[in-house]
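Order of the sequence lines fixes the chain letters, A, B, ..., with proteins taken first and strands second; residue numbering starts at 1 for each chain. Below, all heavy atoms of this structure are taken into account, side chains as well, without hydrogens, waters or symmetry copies. This one's a predicted model, so the numbers in the text were calculated from it and none came from an experiment.
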Protein chains: 2
Amino acid sequence: MPDTPAQPNEADIRLAQDMLFFAYRDFTNAADVILAELGLGRAHHRALHFIGRMPGMPVSDLLSILRITKQSLARVLNELVARDYVAQHQGRTDRRQRLLRLTPAGQALERRLFQRQRDRIAAAYAAEPQAVDGFRTIMRGIMDESARIYIDEAEHPSR
Amino acid sequence: MPDTPAQPNEADIRLAQDMLFFAYRDFTNAADVILAELGLGRAHHRALHFIGRMPGMPVSDLLSILRITKQSLARVLNELVARDYVAQHQGRTDRRQRLLRLTPAGQALERRLFQRQRDRIAAAYAAEPQAVDGFRTIMRGIMDESARIYIDEAEHPSR
DNA sequence: ATCCTACGTCAACAATCCTGACGTAAATTC
DNA sequence: GAATTTACGTCAGGATTGTTGACGTAGGAT
């Protein structure tokens, strides 16, 4: 078991870099078979995921989560709407907003994609349940403050 | 503090999905300022990172780590060689191989890129050192077996 | 009435990835 | 020693995902 000094040395950091790359590579890869079948890409998956996570989310929120431009999102979103995976509703308090939700077909697809990634995470969690808290703590620490806030909101849905 | 049952429920998995996205997004983003300055992309950074990590690595190893095609790598690698960040040497035991290493300029650049990502990881580790073991354990669990093997090798350099 | 915001959209372009095919030198196998 | 396989390089063409910049419209805010 490697040391974990309070002042991390270079080898610790390099290892973390490698791990982030590999874990993300293999985690995202898990859903690719289904996406390829349908002629969709990872960009579509990301949109489906976050829309499913926070139904009724306006376009602007999705933009700031994905950190891509309006035009990049538009392409993906238009296709998801055209294929009836995503529905747009006018906002009530602010009618300029297009609130996004998954259609039943979108939910079904998202669920299929989810299963693949689920298996990977579930296996890792089940093998070492005592490690989960540490994993979450460090992952929170790596991301931006804004992402931490989003995650806290997603965990206590206030609607 | 959330529960961490042996059988992870859906909310646990969804949270992990979010965390992987955000941690990776913000971690990779950290180096982008320098890359943009030099007109390089993330693909170049990935190559620099892994070549720096395992100097003398043949092209085929890099291909299987990055999981991209020869042509995609060729473009990136040719540019790194042209700009004198990467040098290629003929293999001794197998002269078909092009063994890759960073030039001094490549090492210097990789180090600059490294510093940015370092800050993020170091802060997270320093704030919660007791969480590091758990982080590593789960990250290992998420990645493919082949990635675990690579990581173990990188930690005990046999040269 | 004016200004700002939350969208949509058009056009052009860049980075990164892909498939498939073909070539060459060197190692390996029969 | 010949045939096969391996480790590359490279050419051609195409798809996805991202970018910038400009412009338009409906609706909220002052």
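Salt-bridge annotation for B/R148 and A/D26: absent, with no side-chain N of the basic residue lying under 4.0 Å from a carboxylate O of the acidic one.
Summarising the geometry, the separation between CG on A/L99 and P on C/dA6 is reported as 13 Å, rounded to the nearest angstrom. For A/L35 and C/dC18, the CG to P distance is 15 Å, given to the nearest whole Å. In this structure, B/I68 atom CD1 and C/dC17 atom C1' are separated by 8 Å, rounded to whole Å. For the pair A/R67 CZ and D/dT19 P, the computed distance is 12 Å after rounding to whole Å. Note: CG (A/L63) to C1' (C/dT9) measures 14 Å, nearest angstrom. Distance A/L73 CG to D/dT19 C1': 14 Å, rounded to the nearest Å. Atom C1' of nucleotide C/dC17 and atom CG of A/N29 are separated by 14 Å, given to the nearest angstrom. Computed from coordinates, the A/L100 CG to C/dC7 C1' distance equals 11 Å when rounded to whole Å.
Side chain of B/T137 to backbone of B/D133: a donor-acceptor contact under 3.5 angstrom is found. Looking only at distances, a side-chain donor or acceptor of A/T28 sits under 3.5 Å from a matching main-chain atom of A/Y24. In terms of modelled atom types and a separation under 3.5 Å, the side chain of A/R120 and the main chain of B/I142 share a donor-acceptor contact. Judged purely by atom type and a 3.5 angstrom limit, A/D144 has no side-chain atom pairing as donor or acceptor with the backbone of A/A147.
OP1 or OP2 of D/dG9 has not a single side-chain nitrogen or oxygen of B/N78 nearer than 4.0 Å. A close approach under 4.0 Å does not occur between any side-chain nitrogen or oxygen of B/S60 and OP1 or OP2 of D/dA7. The shortest distance between the side-chain N/O atoms of B/Q97 and the OP1/OP2 oxygens of C/dA27 is not below 4.0 Å. In terms of phosphate contacts, A/H44 brings a side-chain nitrogen or oxygen within less than 4.0 Å of OP1 or OP2 of D/dT17.
Listed nucleotides C/dT16, D/dC8, D/dT17 differ in distance to A/R46; the shortest reach to its side chain belongs to D/dT17. When the nucleotides C/dC7, D/dT19, C/dC17 are ranked by their closest atom to the side chain of B/A43, C/dC17 comes out on top.
Annotation: cation-pi pair A/R14/B/F114 present, NZ/CZ under 6.0 Å from the ring centroid and within 45° of its normal.
A/R75 contributes a side-chain N or O that forms a donor-acceptor pair with the base of D/dG18 under 3.5 Å.
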remark   = Per-nt protein contacts along nucleotides 20-30 of chain D (heavy atom under 4.0 Å; B base, S backbone sugar-phosphate only, - none) come out as BBB---BBS--
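No contact: B/E79 has no heavy atom under 4.0 Å from any strand.
Aromatic rings from B/F50 and A/F22 are positioned such that their centres are separated by under 6.0 Å.
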